[in-house]
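Only this structure's heavy atoms are used, side chains among them; waters, hydrogens and symmetry mates stay out. These numbers were taken from a predicted model, which means no experiment stands behind them.
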Amino acid sequence: MKKFRLMIVTPTGKKFDDEVEQISLMGECGSLSVLADHIPFVTNIKAGKFRIYSENEVTHWQTADGLLSVTDENVRIITSSFFENESGED
């Protein structure tokens with residue numbers, strides 16, 4: 001599957017910066033997923049579960065409210081909190 005650059009930034013610095021295949025999270029209007037070559041857009045995100053899909057692996061994270069920006073070059077998320085949910089539970 002084609003990859004894209006995902007960057008996640010909090011007030012304490014960059015929390016994630018790598019190539020991924022897909023992300024799934026809660027947007028302002030409900031759940032959404034982003035794949036490579038997605039049409040550019042900007043939206044608010046809601047606090048909650050966040051999944052990163054990369055090379056046959058899914059990692060589970062938690063995020064606070066924030067902003068999602070999808071461009072032709074990369075995907076950026078600005079949020080006040082982002083951490084791995086090692087239990088994988090939603």
First locate atom [atom1] of [X], then atom [atom2] of [Y], and finally report the distance between them rounded to the nearest 0.5 Å.
X   : Y   : atom1 : atom2 : result
E73 : R5  : CD    : CZ    : 12.5 Å
T63 : N85 : OG1   : CG    : 12.0 Å
R51 : S31 : CZ    : OG    : 9.5 Å
I45 : I23 : CD1   : CD1   : 8.0 Å

Given side chains that start at C-beta, do those of [X] and [Y] come closer than 4.5 Å, heavy atoms only?
X   : Y   : result
L35 : S33 : no
T59 : E84 : yes
F4  : N74 : no
D72 : P40 : yes
L6  : D17 : no

message: I need the minimum non-hydrogen distance between I77 and L25, along with the two atoms involved.
response: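 Shortest heavy-atom contact: CD1-CD1, 4.5 Å.
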query: For D65 and A47, which heavy atoms make the closest approach, and how far apart are they?
result: OD1-N, 2.7 Å
- prompt: When you check the side-chain N and O atoms of T79 and T10, is any donor under 3.5 Å from an acceptor?
  reply: no
- prompt: Should we say atom NZ of K46 is surrounded by more than 12 heavy atoms from elsewhere, each under 6.0 Å from it?
  reply: no
- request: If the plane angle is over 60° it's perpendicular, under 30° parallel, otherwise tilted; pick one for F82 and W61.
  value: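 Aromatic pair F82/W61 classed parallel.
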Partners meeting side-chain contact (heavy atoms from CB on, under 4.5 Å) with T43 (sequence neighbours left out):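 Scan of T43 (side-chain contact (heavy atoms from CB on, under 4.5 Å), adjacent residues dropped) gives E28, L32, F41, L68.
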query: How would you list, by chain and number, every residue that makes a side-chain contact (heavy atoms from CB on, under 4.5 Å) with E55, sequence neighbours excluded?
result: K3, E21
